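The structure appears right after this line, and notes come after that.
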Amino acid sequence: MIKKFTFVLLTLVVAGSVAHAIDIKRIDTNEGPEIWLVEDHSNPVVSLHFAFQGGEGNDPAGKEGLANFLSGTMDEGAGSYDSEAFSKILTDKSISLSFDAKRNNFHGKLVTLKKYQDEAAEMMKLSLTEPRFDLEAVNRIRQQILLSVEANTRKTDRVANSLLREALYGDHPFARESDGTIDTVKSITPEDLRAFQEQIVTKDKMIIGLSGDVTEEEALSLYNQIFGTLPNHAALPLAETVNIETIAETISESRPVPQTTLILGHKGLNRNDPDYFAGYLVTHIMGGGAFGSRLYSEIREKRGLTYGVYSYMASELNYEILLAQMSTANETVDQAIEILRSEWQRMAAEGPTEEELEKAKRYVIGSYPLNFSTTASVARLLVDLQIYELGIDYPTKRTAFFESVTLEQAKATAARLFRPDELTIVAVGGER
Amino acid sequence: MKSRFFSRIGLVAFSFFLSFSPLSSAQVFELESFKLDNGLEVIVVPNNRAPVVTQLLMYRVGAADEPWGKSGIAHFFEHLMFKATKTRKNGEFSDLVSEYGGRDNAFTARDYTGYYQTVASDQLGLMMELEADRMRNLLLDDDQIEPERGVILEERKSRTDNNPSQRLMEQAWAATFRNHPYGIPIIGWEHEIKQLSKQDLREFYDLWYAPNNAILLVGGDVEVDEVRRLAEKHYGPLEPSPGIPEHRTRPQEPPQASARRVVLADEQVSQPYITVYQQVPSYASSKRQGKPELGYALTLLSEIISEGGRGFLYKALVKEKELAVGTGSFYVDDSYDDTIFGFYVSVRSGIEPEASEEAMWEEIEKFVERGPTEEQLASAKQRLLDSVYLTRDNILNIPRIVGVAMATGSTLEEVQNWSNYIEAVTLDQVNEAAQLLLNRDSSITAVLKRPEAAQ
């Protein structure tokens, strides 16, 4: 009883800390986008993270990899600065400026010392509004992308992932290689990049998170400096929702390596599903990052068959999937699959125990603040809160969402979420 | 994410592409330190940005301290320390940490092994109790050792055997250090991991895992007096180990008389590259050799060569001659003994690796001959000084940076004044450091490529 009391107390302290550490201000720009701001004046660093709607899911057919290519070239020279001059300024001022294409969004990131804030803002503005796409830079980045596309065909985990995607996503764009193929990457021209950049960069549906040594007034002037002159045409549409296939196959692909990567999965839970939080907890119990998960204990701790095994739910705006991944010596693949299947069955049939559920809640709630140890991670959180429409008070309400999951709900959710008969299993590795 | 997946940090800290420490050991950390009667050094880094605290216990023992022929012991403990003690069950440590929403993990390097937890501030006492317990009270029974041996062999497969680049790096270190134990891989050689006995593990543990061989770092939302009270209570009663040497004295390398070359051709290779290593002093060993400024000069030299990935090697090899897709340099400064400085080129497809190798050498030689300019030096210094604030942006970084520096022979004063030492380096000192790169006879070249037929 005493122990329980300590837990509750601790939860409050930690939850309180989130509210304290993440005091989010919402600043209206009066032209659509809002700035969500967390001030932190303890260190002279400013982090900006923003996202446009539209990403890899919007790559035109035949130009797969365009969004990824764009993310690699928008910081390769802009305005009067060619690639070399541009990168020299970033290096000299220790400014980190980059773009990142995801399935549904195109992200921009800027981290700078306070004293270089103006230069950083100017460089970001130029990359958004006047990227050059000089042929030299485009071809150089193309070389890098081709190498990585080629490298991915040799990485067992990448190959396994794409085989699973192809199996489950059918002909949806998300089944494609997000970095493109050798042929599509070769076919992309500077004109393609410019046309896509003009479609993606717009104030419509733009999302902004800002954190660090910056005040509300400065936030607005930063906004005007960087985004003030952006166009405001309609954003690219979200890709339609993936209809996840139920095929329950086992797919094997041979590679000359001593260890096999295993990935298995099936349909998961939507983020708006009333049982989402229950599903998150049971997935954590099954194979969350914590040392004590069922898969960790059965496969690593008791039998020493793997270095790492984990499960997770990927619940995006337009697809939801439940996955588990591990690697093991080729000779023990069959044994590992058998254990994974039987754990899937056990979770579906029995659900978690009361003790497991309580432990998972404490971990998932208590560890939340540890995610926000940098200003960049806080800025990223502010963007995610907006993309998933979680609300500005989500960091404080999140605790209650998890606390309120009952054992009955967790068991019912486990039965619904874990479907041993629908598992598609991909094994990429050597002969077994 | 926690999990010992990420204990890779320990291994990677010694690989290239990662400029982990030189950028980081920074001044302006507000530190307090004291020592317990049993020899445990304690360093407190208060920071009240969030109500969390990180405890990091660093042991001054790593893979280079293993008995010859018994590689892998130091790293084995990174796993075994989560097993049962006289009063705690297998896995109870991590269970308790995660029960309170905390995270814990561990890392192993050639000169040190570290264990850390990040938890809500009011759990610091419990974390110290657990950490102190496993410092002296591990059971080390067969039923804990054997499954973990399997896990470690899988870890070796994941990291090394499945990865040609890692396999080559293992060979390159072995070729660089043929007398000094830095040539042994941190995770250990497979055949030796298989043979380690309970007795081997027991002897290593009893000798090295002791308060007089450890540094306790506590960072976050804490008061120094409270840390002192808790440390006295939990660590104070532990007995020191009588066998800890005053200085770790390992066999040293003789001068290298001829160039060495390791080549790995593998189907799994996508990106061929060539890395050239030279053995150079670390921060700690340059101090012992009476040239304390040399370590800082090497840090600046690497910063000048790389220049954010766009330095002179990049301009010549990537942009002008189109031989490469990337180049750079690295300096592994956080070593107790002499370490490596390297420069590398990632070869463009269709180019013979050897052609880019010769071009790289020519650029290095031209650079050393003309020497860096005052402007290049000033700009490199500015970047390093600025990096202190960017490093501080991650509140969890600081105990680790201080801990690694201390465990590899730096003093607290040196860590705190790092920026001043960097600023004091002269152009002559950088030029002197650059001379260390020139001798091809003392170099080690690692070549990663595709098999002939597949190219």
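Here the structure is a predicted model, which means the values were calculated and not measured. Residue numbers begin at 1 in each chain, while the letters A, B, ... track the order of the sequences.
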| query | How many angstroms lie between atom CZ of Arg362(A) and atom CD of Glu99(B), to the nearest 0.5 angstrom? | reply | 4.5 Å
| Just checking, any donor-acceptor pair under 3.5 angstrom between side chains of Asn394(B) and Ser373(A)? | yes
| field | Segment of Pro44(A) engaging chain B (4.5 angstrom heavy-atom cut-off) | value | side chain
| Checking Val257(A) against chain B: side chain, backbone, both or neither under 4.5 Å from a heavy atom? | both
| message | Checking the side chain of Arg154(A) only, and the main-chain atoms of Glu267(B) only, is there a donor and an acceptor separated by less than 3.5 Å? | response | yes
| message | Within the 4.5 Å heavy-atom criterion, are Gln143(A) and Ser349(B) side-chain neighbours or not? | response | yes
| query | Hey, are the side chains of Val151(B) and Thr306(A) touching, using non-hydrogen atoms and a 4.5 Å cut-off? | reply | no
| message | If we define contacts as heavy-atom pairs under 4.5 Å, which of Glu84(A), Glu150(A), Gln144(A), Lys302(A) has the most with chain B? | response | Glu84(A)
| query | Considering the options Thr112(A), Thr375(A), Val45(A), which one meets the side-chain contact (heavy atoms from CB on, under 4.5 Å) requirement together with Leu390(B)? | reply | Val45(A)
| note | Okay, Val111(A) and chain B: the region with an atom under 4.5 Å from a heavy atom over there is side chain
| request: Please flag which part of Leu90(A) lies under 4.5 Å from any non-hydrogen atom of chain B: side chain, backbone, both or neither. | output: neither
| message | Between Arg348(B) and chain A, with a heavy-atom cut-off of 4.5 Å, which part of the residue counts as in contact: side chain, backbone, both or neither? | response | side chain
| request: Can you see which heavy atom on Ser270(B) is nearest to which on Leu147(A), and at what distance? | output: O-CD2, 3.5 Å
| message | Here's a test for you: under side-chain hydrogen bond (donor to acceptor under 3.5 Å, both in side chains), which of Glu155(B), His79(B), Arg156(B) qualifies with Tyr307(A)? | response | Glu155(B)
| request: Considering only heavy atoms and a distance below 4.5 Å, find which of Pro256(A), Ser94(A), Ala360(A), Ser327(A) pairs most often with chain B. | output: Ser94(A)
| field | Salt-bridge present (Arg300(A), Glu148(B); N to O < 4.0 Å) | value | yes
| Closest-packed option against chain A by number of heavy-atom pairs under 4.5 Å, given Asn90(B), Val269(B), Asp266(B) | Val269(B)
| query | If you measure from CD on Gln259(A) to CG on Leu153(B), what distance do you get to the nearest 0.5 Å? | reply | 11.0 Å
| query | Taking NZ, NE, NH1 and NH2 as the nitrogens, is one of them in Glu76(A) or Arg310(B) under 4.0 Å from a carboxylate oxygen of the other? | reply | yes
| query | By a 4.5 Å heavy-atom criterion (distance strictly below it), what part of Ser158(B) contacts chain A: side chain, backbone, both, or neither? | reply | both
| said: Any heavy-atom pair between the side chains of Arg383(B) and Thr91(A) that's under 4.5 Å? | reply: yes
| So what's closer than 4.5 Å to chain A heavy atoms on Gln382(B): side chain, backbone, both or neither? | side chain
| query | So, Thr374(A) and Asp393(B): side-chain donor and acceptor under 3.5 Å apart, yes or no? | reply | no
| task | Please report the C-alpha distance between Arg140(A) and Val325(B) in whole Å, then the side-chain angles of each, then the deciding distance to 0.1 Å, and finally whether the side chain to side chain contact (heavy atoms under 4.5 Å, CB included) criterion is met. | result | CA-CA 8 Å; Arg140(A) 186 161 35 79; Val325(B) 291; over 6 Å; no
| Looking at Glu301(A) and Lys83(B), does any basic side-chain N land under 4.0 Å from a carboxylate oxygen? | yes
| said: Heavy-atom pairs under 4.5 Å with chain A - which of Lys319(B), Gln144(B), Glu322(B), Gln271(B) has more of them than the others? | reply: Lys319(B)
| said: Give me the atom names and distance for the closest heavy-atom approach of Gly102(B) to Tyr363(A). | reply: O-CE1, 3.4 Å
| task | Looking only at non-hydrogen atoms, find the nearest pair between Asp92(A) and Ser379(B) and report the distance. | result | OD1-OG, 3.6 Å
| Quick one: does Lys115(A)'s side chain get under 4.5 Å of Asp386(B)'s, heavy atoms only? | yes
| What part of Val119(B) lies closer than 4.5 angstrom to a heavy atom of chain A: side chain, backbone, both or neither? | neither
| message | Can you confirm whether Phe402(A) is buried at CZ, in the sense that more than 12 heavy atoms of other residues, nucleotides or ligands lie under 6.0 Å from that atom? | response | yes
| said: Counting heavy-atom pairs under 4.5 Å with chain B, which one of Arg255(A), Glu136(A), Lys93(A) comes out on top? | reply: Glu136(A)
| said: Check whether Glu154(B) reaches the backbone of Ala329(A) with its side chain - one donor and one acceptor, N or O, closer than 3.5 Å. | reply: yes
| query | Where on Ser83(A) is there a heavy atom nearer than 4.5 Å to chain B: the side chain, the backbone, both, or neither? | reply | both
| message | Under a 3.5 Å distance rule, please check whether Asn43(A) uses its side chain to pair with a backbone N or O of Tyr389(B) as donor and acceptor. | response | yes
